[in-house]
Amino acid sequence: MNATSTNPEASPTEPVIEVRGVSKWFGSVVALNDVSMNIHPGITGLLGPNGAGKTTLLHLISGQAKCSDGEVTVFGQQVRNNYQLYRRIGFLSEHETVYPFYTGRQFVEFAGKLNGLDSLASAVDHAIEQVGLSDVQNRSLGTYSRGMRQRMRLAATLVHDPEVLILDEPLSGTDPRQRVEFQGLIVRLAGEGKTILISSHILEEVEAVAGRILLMMSGKLAAAGNFRAIRAKLDEQAYKVRIVTDAPRVMAAALVQIDAVESVSIGADGDIVVLSHNVAALMKSVPRLAQEIQIRLMRVEPLDDSLESIFSYIVER
Amino acid sequence: MGSVLWLSLRQLGGRWRLALVLLLAALPVALAATIRIFSNDDSSDENSFVNVLLDGLMVGGIMPIVVMALATAAFGNEVEDRTLGYLVLKPIPRWKIALPKFLATVLIGGPLLIGGGVLATVLGLDAGPQAAVAVGVGLFAGVVTYAAIFTWTGLISNFAIAFALIYVFLWEGLIASLIPGIEYFSVRGYTLAIMHGMDESTLDALSTRVSDLPTAIVGATVVTLLFFGLTVRRLLRMDVP
């Protein structure tokens with residue numbers, strides 16, 4: 001499937017990232033199969049279940065891996081081993097490992113030095129300020145929470161002010177407040193004219209920031225375009241959301257009153273599984289409901305398996 | 001390049017790794033001191049020292065083990081914990097990543113191994129400066145050459161240490177002792193040949209199993225450059241995990 005990820009307001013600009021007939025295989029395993037897409041400035045969400053080929057695609061776009069077939073260009077240039085082009089790209093990997101002996105600031109400085117920045121100190125200050133970690137920048141990374149580490153990694157990705165940002169599952173490990181801040185930052189950066197490609201396996205994360213999405217499934221591009229149109233298709237299918245609270249029975253009784261809820265069940269582990277046709281409405285209702293009945297909400301998350309069934313559903317149609 | 005070198009020194013210079021290197025480097029010194037105390041001052045003791053302690057223990061065992069532990073980790077740990085992306089996605093040529101990794105091994109392992117070897121030689125052989133320099137230069141060449149080979153090994157395989165052990169103990173330890181001519185393709189052979197070539201009289205016990213000095217220098221240089229080139233080539237071609 002070929003796709004042009006265009007802005008709904010139709011940008012006349014040339015695509016920044018072009019993926020043409022790209023395949024990638026590892027031995028006998030085909031990770032990507034003949035994927036083509038164009039990506040323009042603004043935020044593009046790369047969505048798909050785990051194992052769909054999102055990370056492989058991002059690695060090919062950022063030049064970390066070699067295409068088995070096809071071609072990837074950024075700003076019209078081949079990416080792989082094109083060191084000058086690397087100055088214009090920022091990549092945040094899904095792996096959260098950092099150098100634990102560095103402080104947050106040293107880690108960002110290190111990235112800045114390797115990018116050959118002239119005004120290193122001010123660039124580092126600005127990057128750390130952007131992610132809101134100025135007060136803990138001199139603490140060792142080994143002492144950071146998962147969310148803080150993720151934000152400092154983003155600062156290191158932003159320090160050279162790249163025009164293209166490739167973010168692989170950037171919101172994993174962040175708490176709801178950090179997530180909102182993170183999303184706000186991404187939107188601000190897109191407003192500066194940057195091209196941002198952000199991957200996630202969680203629909204809600206992408207929906208909040210990306211107006212257009214690319215939907216990956218089993219190594220292929222399954223759908224592309226305006227988020228709302230694709231989302232409408234998704235909402236035709238019921239899918240499952242897991243809710244963890246300290247009072248599952250009380251919460252389950254309250255949930256059945258919500259229109260968006262199709263059915264509610266409580267597992268042996270006490271987790272509530274809700275089947276819903278309108279997950280967006282459900283996600284909005286659940287925190288309010290928990291507050292009303294005064295119970296503690298520990299987790300609300302779409303289940304991967306049900307996501308996969310939705311993606312399958314889209315592909316079949 | 002200084003940033004990557006400093007990072008690599010921090011990565012390789014962990015407390016436990018340094019303690020192990022120090023312990024291994026001190027072992028021949030302790031043994032040489034013991035030999036010195038109980039020696040009979042005859043030439044058979046000197047030959048035993050050269051054959052067993054200098055060749056067998058230091059050059060054939062401790063040096064490759066120490067360099068292996070450092071060099072295979074130089075890239076191996078980055079591949080394993082997936083931090084290699086922080087380096088290879090930056091606008092710097094690959095040799096500027098490979099060189100500091102290689103240098104970090106030499107800078108951490110070299111001084112301790114060379115210091116231990118030289119001190120052991122002075123104690124064990126009651127040798128003068130020429131023998132000490134010969135042993136020091138030979139060990140330096142060995143450390144550099146092994147570092148180039150094992151840095152590459154750490155980048156190409158998750159089983160780098162197994163590869164390195166097979167190379168050291170099977171190829172250099174067993175096969176080289178059975179088949180004449182292998183010393184031309186052996187880091188241990190280059191190391192011993194450089195030592196012997198720089199002080200033939202004191203290290204005469206090595207004379208029957210080493211090549212000449214120029215051949216050893218050329219061999220060590222070619223192997224170092226070859227494996228450094230292979231490391232750069234691997235960095236250019238590999239898919240970053």
Side-chain angles (χ1 to χ4, degrees), chain A residues 24-27 31 55-56 58-68 74 79-103 106-117 120 140-141 152-153 156-157 159-160 162 164-166 168, chain B residues 1-19 70 73-101 103-104 108 154-158 229-241:
Chain A
K24 178 70 180 176
W25 51 83
F26 301 97
T55 296
T56 303
L58 296 184
H59 277 215
L60 294 175
I61 291 174
S62 60
Q64 292 178 77
K66 190 181 175 188
C67 302
S68 303
V74 175
V79 192
R80 192 146 163 88
N81 294 324
N82 185 344
Y83 309 133
Q84 294 311 311
L85 191 56
Y86 286 176
R87 285 184 201 281
R88 304 172 73 181
I89 300 174
F91 179 84
L92 182 73
S93 76
E94 64 175 335
H95 307 295
E96 295 162 19
T97 328
V98 288
Y99 307 121
F101 43 79
Y102 274 168
T103 64
Q106 285 171 335
F107 183 65
V108 180
E109 272 174 354
F110 176 71
K113 281 179 189 166
L114 294 192
N115 277 296
L117 296 183
L120 184 63
S140 161
L141 283 170
M152 201 52 102
R153 289 175 65 234
T157 307
V159 70
H160 61 296
V164 175
L165 271 173
I166 300 168
D168 194 1
Chain B
M1 202 171 75
S3 301
V4 183
L5 178 59
W6 182 242
L7 170 82
S8 307
L9 290 172
R10 293 282 298 267
Q11 286 172 317
L12 294 182
R15 200 175 299 164
W16 288 107
R17 197 179 272 122
L18 274 185
L70 294 166
F75 276 118
N77 288 355
E78 298 245 20
V79 171
E80 200 175 309
D81 66 18
R82 306 198 175 205
T83 51
L84 189 58
Y86 293 133
L87 302 179
V88 298
L89 287 177
K90 299 296 185 291
I92 46 175
R94 303 298 90 155
W95 70 266
K96 286 191 175 180
I97 298 171
L99 186 59
K101 291 284 178 191
L103 285 177
I108 292 175
L155 193 56
I156 60 158
S157 172
N158 292 331
L230 287 173
T231 304
V232 174
R233 183 172 179 266
R234 175 70 179 164
L235 280 172
L236 283 166
R237 294 185 170 204
M238 73 185 291
D239 284 357
V240 180

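What you see is a predicted model, and the numbers here were worked out from it, not measured in a lab. Chain letters run A, B, ... following the sequence lines, proteins first and then strands; every chain starts at 1.
Taking all atoms of both residues into account, the shortest heavy-atom contact from B/Val88 to A/Tyr86 is O-CE1, 3.4 Å. Closest of all the heavy-atom pairs between A/Arg80 and B/Met238 is NH2-O, 2.9 Å. Looking at every heavy atom in both residues, B/Ile92 comes nearest to A/Leu114 through CG2-O, 3.8 Å. The minimum heavy-atom distance between A/Tyr83 and B/Leu236, with the atom names listed, is OH-CD2, 3.2 Å.
Only the side chain of B/Glu78 comes within contact range of chain A, judged by heavy atoms closer than 4.5 Å. A/Asn115 touches chain B through backbone and side chain together, each having a heavy atom under 4.5 Å away. With a 4.5 Å cut-off on non-hydrogen atoms, A/Phe110 touches chain B through its side chain but not through its backbone. The parts of B/Leu7 that come within reach of chain A are both its backbone and its side chain, each placing non-hydrogen atoms under 4.5 angstrom from that chain.
Rounded to the nearest 0.5 angstrom, B/Leu84 CG and A/His95 NE2 are separated by 11.5 Å.
The environment of B/Arg10 atom CZ is dense: over 12 non-hydrogen atoms of other residues, nucleotides or ligands sit within 6.0 angstrom. Atom CD of A/Glu96 has more than 12 neighbouring heavy atoms from other residues, nucleotides or ligands inside a 6.0 Å radius.
A donor-acceptor contact shorter than 3.5 Å links the side chain of A/Thr97 to the backbone of B/Asp81.
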